[in-house]
Number of protein chains: 2
Amino acid sequence: MTEAIRTWQGVMEEVRRRIHARDWPPGALIPNEADLAAEFGVARATVNRALRTLAEAGLLDRRRKAGTRVALQPVAKATLDIPVLRLEVEARGKEYGYRRLARTEAPPPDDIATAMQTGDAPLLHIRALHLADDRPYALEDRWINPGVIAAARDEPFIGISANEWLLAHAPYTHGEIGFSATNARAPEAAELGCATGSALFVLDRLTWDHARAITRVAIFYAPGHRMRTGL
Amino acid sequence: MTEAIRTWQGVMEEVRRRIHARDWPPGALIPNEADLAAEFGVARATVNRALRTLAEAGLLDRRRKAGTRVALQPVAKATLDIPVLRLEVEARGKEYGYRRLARTEAPPPDDIATAMQTGDAPLLHIRALHLADDRPYALEDRWINPGVIAAARDEPFIGISANEWLLAHAPYTHGEIGFSATNARAPEAAELGCATGSALFVLDRLTWDHARAITRVAIFYAPGHRMRTGL
DNA sequence: AAGTGGTCTAGACCACGTC
DNA sequence: ACGTGGTCTAGACCACTTT
């Protein structure tokens, strides 16, 4: 006989195996926690941990009273780590560099003002270049709400990037992140040292402290950038 | 006095509040599980669940014996849901459409063969268009390993997209997913109905059944596509 | 050696959603 | 109404890592 199951990881593996082997085909109702606990000879809490983890991974659908079913369309969930740019560069074994390009205080364009709900108040605008081995790695275009982070008014963002400074000075409660692609316009092309029209991978992020927007940033990665993760 | 904490979510909120309020600044060692359990008047398992969740979110660093610390660089973790294209379109309230453009069996280009480790064996190649309200939504370019999924040889992929068919017929054990940006070449531009050179958001995925590659797909989204998620 | 998180157990009560 | 998952508890043992 095969080795007995003792841990929640063991239960998870066995359940995963049965799904994969089509013992429990897509859409099938699987036994409830109590029955599985009895079958495997473990406590229900152990089964719960295993099934809950698989549900979070999108492999199972769980509903009270209705029971647990194998997902029909296993929605792939990709978890991306978005580190500070400096660490991202260093993780690739390259030397990190930083150069602030501009720092002004001005009313933002309409889309930024709308997204941040700051009305017509002027915001801090920072534009900076992040380098890997002295070559452009990513361009940061950021708007900061000084009404929330007053200390930002006294920070030149020359020795330290806003990317990093904000992490230490402006904790956020929640936020939104987006990924898209855009053609480099003339400014981005000049700053990143690529051709106008090059396809750039863009990450944008909007963070909040409760009901107040802290900052909105767009990171334009140099051409060829690829963000990856496991499934 | 404020309301008593009873649930692991409650513990998590309180811990989050203390971090946010700098009661526990970045890098600080926080009390151990037993002490927190006593303070909050809950069982240790409840505290464990709360702290474990925060650690998974990147807000805490936990190590046996060393204890639990507030993360210095809270690595933002963004979890993206990658649904089937049909559901993605329907979720936007649009009518889904599908059109297969090509289906051949041929040796793949070197980069595909290398990534899939299929040597010089011929693979199934499918190219198809996904539509939203009759307008191009995304272009699918896929290579399937018929050595693993023999049934794919008998499927024309006309009535159902490979995107969806494979989910039902080819469970995978693990995979890799990547995001990038690319300029539309002439074929993509023609198929998506956009200008040559347009910046396209590209999702690529490689899935495995244990040690054998099942399929490799690139999804070219029509210009302007943005993938988003909360933080 | 000792402290900390990681996990398991057995039992209990509860919330929710379906029937 | 009632079955299912969601969670809490109190206690225990274990694994890992640092001291």
Side-chain angles (χ1 to χ4, degrees), chain A residues 2-16 18-19 24-72 74-75 77, chain B residues 2-16 18-19 23-72 74-75 77 79:
Chain A
T2 66
E3 198 152 328
I5 291 171
R6 298 179 180 288
T7 68
W8 68 266
Q9 290 97 334
V11 173
M12 188 172 74
E13 270 323 295
E14 174 59 15
V15 171
R16 205 196 281 280
R18 291 185 186 184
I19 293 172
W24 293 336
L29 189 63
I30 77 173
N32 68 31
E33 294 188 348
D35 289 349
L36 286 175
E39 182 194 337
F40 295 139
V42 300
R44 182 162 80 94
T46 305
V47 173
N48 178 273
R49 174 90 189 260
L51 298 188
R52 176 160 43 84
T53 303
L54 287 173
E56 281 165 6
L59 224 63
L60 294 176
D61 282 334
R62 317 194 75 195
R63 272 152 56 210
R64 282 164 149 128
K65 166 74 179 173
T68 300
R69 290 179 180 280
V70 178
L72 276 173
V75 176
K77 308 216 172 179
Chain B
T2 65
E3 198 151 327
I5 291 171
R6 297 180 182 288
T7 69
W8 68 266
Q9 290 97 333
V11 172
M12 187 172 75
E13 270 323 296
E14 173 59 14
V15 171
R16 206 197 281 280
R18 291 184 186 183
I19 293 172
D23 290 350
W24 293 335
L29 189 64
I30 77 174
N32 67 32
E33 295 188 346
D35 289 349
L36 286 175
E39 182 194 338
F40 294 140
V42 300
R44 182 163 79 95
T46 305
V47 172
N48 178 273
R49 175 89 189 260
L51 298 188
R52 176 161 42 84
T53 303
L54 287 172
E56 281 165 6
L59 224 63
L60 294 176
D61 282 334
R62 316 195 75 195
R63 272 154 55 212
R64 284 166 150 127
K65 166 74 181 175
T68 300
R69 291 178 179 281
V70 179
L72 278 172
V75 176
K77 308 216 172 179
T79 303

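Just so you know, these numbers come straight off a predicted model, no measurement behind them. To find a chain, count down the sequence lines: A is the first, B the second, and so on, and within it residues start at 1.
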Which residues pass the side-chain contact (heavy atoms from CB on, under 4.5 Å) test with [X], not counting sequence neighbours?
X	answer
B/Leu60	B/Ile19, B/Leu51, B/Leu54, B/Ala55, B/Thr68, B/Val70
A/Glu39	A/Arg18, A/Leu36
A/Ala37	A/Arg44, A/Val47

Worksheet entry | Gap between atom CG of A/Leu59 and atom OG1 of A/Thr53 - 0.5 Å precision |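 Reported to 0.5 Å precision, the distance equals 11.5 Å.
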Length of the line joining [X]:[atom1] and [N]:[atom2], which is rounded to integer Å:
X	N	atom1	atom2	value
A/Arg69	C/dG17	CZ	P	16 Å
B/Lys65	C/dG6	NZ	C1'	16 Å
B/Leu60	C/dT4	CG	C1'	15 Å
B/Asp61	D/dC16	CG	C1'	16 Å
B/Asn32	C/dG3	CG	P	11 Å
B/Leu29	D/dT18	CG	P	13 Å

Contacts satisfying salt bridge (charged side-chain N to carboxylate O under 4.0 Å, His left out) that involve residues 46-69 of chain B (not counting sequence neighbours) are B/Glu33-B/Arg62
Checklist entry - Are A/Arg62 and D/dT4 close enough that a side-chain N or O sits under 4.0 Å from OP1 or OP2? => result no
For D/dG5, take OP1 and OP2 only and decide whether either is under 4.0 Å from a side-chain N or O of A/Thr68.
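So the side chain of A/Thr68 is within the cut-off, an N or O lying under 4.0 Å from OP1 or OP2 of D/dG5.
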Protein-proximity profile, nucleotides 7-15 of chain C, B/S/- by nucleotide at the 4.0 Å heavy-atom cutoff, equals BSB--B--B
- Item | Nearest heavy-atom neighbours spanning A/Lys77 and A/Ala57 |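 So the two residues come closest at CG-O, 4.0 Å.
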